[in-house]
Amino acid sequence: MPRVFRLAYVDLATPSLDDARAYYDGVLGATTVQQTGDAAYLSLGLDHHNIALRKGDRPGLTAIGLQVGPGVELPDLQRRIAEMGLRVESKSDARPGVPRLLEVTDLGGHTFQLLPEIAAAGPGFSGRGVDPVRVGHVAILTTDASAVLGFLTNGLGFSTTDWFEDFVTFVTCNRDHHVLNVIQAPFATLHHLAFQLEGRDHQFRAADHLAREKVPTLWGPSRHTAGHNVASYHHGADSAVIELYNDMDVFIPEMGMCEPRPWHGDLPQRPKHWPITEMTRWETRYEFDFVTAALGGPPEL
């Protein structure tokens, strides 16, 4: 049984808390449910928060919150993670709405928080801005992709669903094609953060909304190869790459394949190594460098 079943939240550092909150609240349409002098917590619907913004000297990803399934005992999971040689700590009331969590640190430059519950005290869908359905997945650059993937697959029960050549790996903890993208790189940071939309009409409405807000669309909408989601990208707060998507592949781990779709190139569509030159089924040209568009860039920059 998978130990993790969804991506609950992301923590992001920002030099300007007000500017970052203005984007996620005003443009994206999340609702601020709690704010202190150095942090803001925003919800997309039911959860107490799905995005946490924290004041920091440099923008970046500071934590990924993954929710573990019913029946998972945190002490047992903590022992298993410790036996993998990873640094793990049990914390109580470490963040609003989350009474207990395990924190895994120093893992390829990233921090993962594992939580059994989060308060369902959110304000509902805002009806403002892009107004996505949920935070769908997060793509990370890491200095040790092998260690991160070992933790996710062996420690938390993730399944591998696709690759781009040998340096990008897609993994999932549920029936979404991917919940995390893990990318080997010489530095660790956020590559992009993705939000799910209701469908194709919502994709067009979102693009129109961004145009009204004078936020350029960097690429798309177009259909990807790995995952086959219809996606578009823009720069959000602190120049973070934000993906808006719909129509992602449904992965069936028991069969090691995705549910068949007419636009699949392979039937059945099983995990495969895609060439990096084939990121779209529609042959749409990228107008920005997806490799160097990561939030913050290398530390030396």
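Along the sequence shown, the residues carry numbers beginning at 1. Because the structure is predicted, anything quoted here is derived from the model rather than measured.
When only modelled atom types and interatomic distance are considered, N229 and H178 share no side-chain donor-acceptor pair under 3.5 Å. For the residue pair E89 and T105, no side-chain donor N or O sits within less than 3.5 Å of a side-chain acceptor on the partner. Counted by atom type alone, T14 and R21 present zero donor-acceptor pairs between their side chains at under 3.5 Å.
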Practice problem: Tell me, with the steps shown, if L180 and V148 meet side chain to side chain contact (heavy atoms under 4.5 Å, CB included). | Solution: CA-CA 11 Å; L180 283 164; V148 172; over 6 Å; no
Quiz item: What's the verdict on salt bridge (Lys or Arg N to Asp or Glu O under 4.0 Å) for R95 and D11, showing C-alpha distance, side-chain angles and the deciding distance?
Solution: CA-CA 11 Å; R95 58 188 304 125; D11 274 17; 2.6 Å; yes
Practice problem: For D247 and R223, run salt bridge (Lys or Arg N to Asp or Glu O under 4.0 Å): C-alpha distance rounded to whole Å, both residues' side-chain angles, the deciding distance at 0.1 Å, then the answer. | Solution: CA-CA 9 Å; D247 212 16; R223 187 179 295 283; 3.3 Å; yes
Quiz prompt | Derivation and outcome, salt bridge (Lys or Arg N to Asp or Glu O under 4.0 Å), residues D25 and R128 | solution = CA-CA 8 Å; D25 192 318; R128 295 179 286 101; 3.0 Å; yes
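The aromatic rings of Y23 and H234 are tilted relative to each other, their planes meeting at an angle between 30° and 60°. Between H137 and Y245, the ring planes lie tilted relative to each other; the angle falls in the 30° to 60° range.
Counting non-hydrogen atoms of neighbouring residues, nucleotides and ligands closer than 6.0 angstrom, the CG atom of D266 exceeds 12 such neighbours. Under a cut-off of 6.0 angstrom, the local environment of CD in E283 is sparse, with at most 12 non-hydrogen atoms contributed by other residues, nucleotides or ligands.
The aromatic ring centroids of W219 and H224 lie less than 6.0 Å from each other. In this structure, H228 has its ring center no closer than 6.0 Å to that of H177. Residues F164 and F170 place their aromatic rings such that the two centres sit under 6.0 Å apart.
Here the side chain of Q196 pairs no donor or acceptor atom with the backbone of G136 at under 3.5 angstrom. Of the possible donor and acceptor atoms, none in the side chain of N246 sits under 3.5 Å from a partner among the backbone N and O of E198. Under the 3.5 Å distance criterion, the side-chain polar atoms of D238 are left unmatched by any main-chain donor or acceptor of A240. A donor-acceptor distance shorter than 3.5 angstrom exists from the side chain of R270 to the backbone of M255, with no hydrogens or angles considered. In terms of modelled atom types and a separation under 3.5 Å, the side chain of N50 and the main chain of A8 share a donor-acceptor contact. Side-chain atoms of Q67 do not come within 3.5 Å of backbone N or O of L114 as any donor-acceptor pair. Side-chain N or O atoms of T225 include none that pairs as donor or acceptor with a backbone N or O of R281 at under 3.5 Å. A donor-acceptor distance shorter than 3.5 angstrom exists from the side chain of T142 to the backbone of G108, with no hydrogens or angles considered. K55 places a side-chain N or O within 3.5 Å of a backbone atom of P15 that can act as its donor or acceptor partner.
Minimum interatomic distance between A188 and T143 (heavy atoms only, all atoms of both residues): N-CG2, 4.0 Å. Scanning both residues, R58 and A13, for their nearest heavy atoms gives O-CB, 3.5 Å. C258 and F251 make their closest contact through SG-CD1, 4.0 Å (heavy atoms, listed as atom of the first residue, atom of the second, distance). S43 and D47 make their closest contact through OG-O, 2.6 Å (heavy atoms, listed as atom of the first residue, atom of the second, distance). Across every non-hydrogen atom of I252 and R175, the tightest pair is CG1-NH2, 4.1 Å. Counting all heavy atoms, side chain and backbone alike, F112 lies closest to L66 at CD2-CD1, 4.0 Å.
By the side chain to side chain donor-acceptor pair (under 3.5 Å) test, D38 pairs with T36, sequence neighbours left out. When the side chain to side chain donor-acceptor pair (under 3.5 Å) test is applied to H273, no partner is found at least two apart in sequence or on another chain.
Residues Y41 and V138 are members of separate hydrophobic clusters, defined by side-chain heavy-atom contacts under 4.5 angstrom among Ile, Leu, Val, Met, Phe, Trp and Tyr. In terms of hydrophobic clustering, with Ile, Leu, Val, Met, Phe, Trp and Tyr side chains grouped at heavy-atom distances under 4.5 Å, M84 and L149 are assigned to a common cluster. Both V135 and V68 sit in one connected hydrophobic cluster of ILVMFWY residues. Membership requires side-chain heavy atoms under 4.5 Å apart, directly or through other members. A chain of hydrophobic side-chain contacts below 4.5 Å, direct or via other Ile, Leu, Val, Met, Phe, Trp or Tyr residues, connects L244 to V215. L210 is not connected to V230 by any chain of hydrophobic side-chain contacts under 4.5 Å among Ile, Leu, Val, Met, Phe, Trp and Tyr, and they are in different clusters.
For the atom pair OG1 of T217 and NE2 of H235, the computed distance is 11.5 Å after rounding to the nearest 0.5 Å. Here the straight-line distance linking atom CD of E73 with atom CZ of R79 works out to 9.5 Å at 0.5 Å rounding.
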